[in-house]
Amino acid sequence: MAVERISLGALNKLLTGEASPAQCVIKFYSNSCDLCHALSEYYVDISREYKDLHFFAFNVEDHPTLLEDLGINGVPTITFLEAGNADAKLKILDDPDIPHEKTWYTTKYIKNFIDKETKSND
């Protein structure tokens with residue numbers, strides 16, 4: 001699936017359980033973040049490998065206080081959510097012990113997170 005940029009309204013529907021049931025990966029990014037830009041291509045490549053998941057990207061500049069509201073420390077941040085469930089919690093990928101100097105996360109690190117979260121929701 002392609003990565004879809006989502007609005008605050010669409011993100012709120014995912015977070016509150018109003019959206020249709022689906023497993024979602026959401027990347028939080030900023031236009032001013034070099035790491036976010038470098039990670040973008042890898043995130044798109046990962047999205048192509050997981051045909052049953054929905055991949056989204058949310059620009060935090062659209063709502064500057066959102067990161068704090070969600071307990072996110074900064075960007076880029078990768079999250080996982082079971083949409084369509086009002087009780088679902090946003091799972092946040094931990095910062096790597098040794099961040100990649102250009103993209104923060106490695107492809108393998110993101111894929112391990114996605115694999116763990118999709119298996120725990122089976």
Side-chain angles (χ1 to χ4, degrees):
M1 280 191 160
V3 175
E4 180 183 343
R5 185 176 185 270
I6 57 173
S7 67
L8 180 60
L11 178 62
N12 281 332
K13 284 184 179 181
L14 291 173
L15 294 171
T16 60
E18 295 176 42
S20 298
Q23 292 183 319
C24 305
V25 180
I26 307 166
K27 177 182 79 166
F28 291 86
Y29 74 96
S30 169
N31 286 335
S32 61
C33 170
D34 291 337
L35 295 170
C36 298
H37 287 286
L39 182 61
S40 182
E41 180 181 331
Y42 299 103
Y43 186 65
V44 169
D45 289 344
I46 292 168
S47 75
R48 291 183 182 130
E49 293 183 41
Y50 293 87
K51 307 269 188 242
D52 295 335
L53 304 179
H54 296 268
F55 282 77
F56 299 107
F58 182 81
N59 185 351
V60 299
E61 293 173 11
D62 292 345
H63 196 300
T65 62
L66 184 68
L67 289 181
E68 186 176 331
D69 296 344
L70 295 176
I72 296 173
N73 294 328
V75 291
T77 293
I78 305 293
T79 64
F80 181 87
L81 179 70
E82 281 284 339
N85 177 355
D87 296 326
K89 303 286 186 230
L90 188 67
K91 310 272 180 74
I92 301 170
L93 175 58
D94 292 332
D95 288 340
D97 291 333
I98 302 171
H100 188 278
E101 65 183 40
K102 293 184 181 174
T103 60
W104 191 255
Y105 300 113
T106 62
T107 299
K108 182 178 180 181
Y109 195 68
I110 295 169
K111 289 168 66 173
N112 286 344
F113 170 70
I114 293 170
D115 292 343
K116 178 182 152 236
E117 292 305 327
T118 55
K119 283 185 175 81
S120 70
N121 290 310
D122 285 343

Task: Exceeds 12 heavy-atom contacts within 6.0 angstrom, atom CG of Asp34 - done: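 Open: at most 12 neighbouring heavy atoms sit under 6.0 Å from CG of Asp34.
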Task: Aromatic ring pairing Tyr43/Phe55, orientation class (parallel under 30°, perpendicular over 60°, tilted between) - done: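 Ring orientation, 0 to 90° scale: perpendicular.
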Heavy atoms, side chains only, cut-off 4.5 Å: are [X] and [Y] in contact?
X: Leu11; Y: Phe56; answer: no
X: Leu70; Y: Phe28; answer: yes
X: Val60; Y: Leu66; answer: no

Taking [X] for its side chain and [Y] for its backbone only, find out whether a donor-acceptor pair lies under 3.5 Å.
X: Ser47; Y: Val44; result: yes
X: Glu117; Y: Lys91; result: no
X: Gln23; Y: Ile114; result: no
X: Thr79; Y: Ile26; result: yes

Open item on the list: Less than 3.5 Å apart, any donor N or O on the side chain of Asp115 or Tyr50 sitting next to an acceptor on the other?
Closed with: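 Yes.
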Open item on the list: Please determine whether residues Leu14 and Leu53 belong to a single hydrophobic cluster, defined as Ile, Leu, Val, Met, Phe, Trp and Tyr linked transitively by side-chain heavy-atom distances below 4.5 Å.
Closed with: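 No, separate clusters.
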- [ ] Verify the cluster assignment for Phe80 and Trp104: are they in a single hydrophobic cluster under the rule of side-chain heavy atoms below 4.5 Å apart?
- [x]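 Per the 4.5 Å side-chain linkage, Phe80 and Trp104 are co-clustered.
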- [ ] Kindly give the heavy-atom pair with the smallest separation between Arg5 and Asp62, and that separation in Å.
- [x]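 Minimum heavy-atom separation between Arg5 and Asp62: NH2-OD2, 2.8 Å.
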Open item on the list: So, applying side chain to side chain contact (heavy atoms under 4.5 Å, CB included) with Leu39, which one of Thr106, Thr103, Ile46 is it?
Closed with: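 The residue from Thr106, Thr103, Ile46 that satisfies side chain to side chain contact (heavy atoms under 4.5 Å, CB included) with Leu39 turns out to be Thr103.
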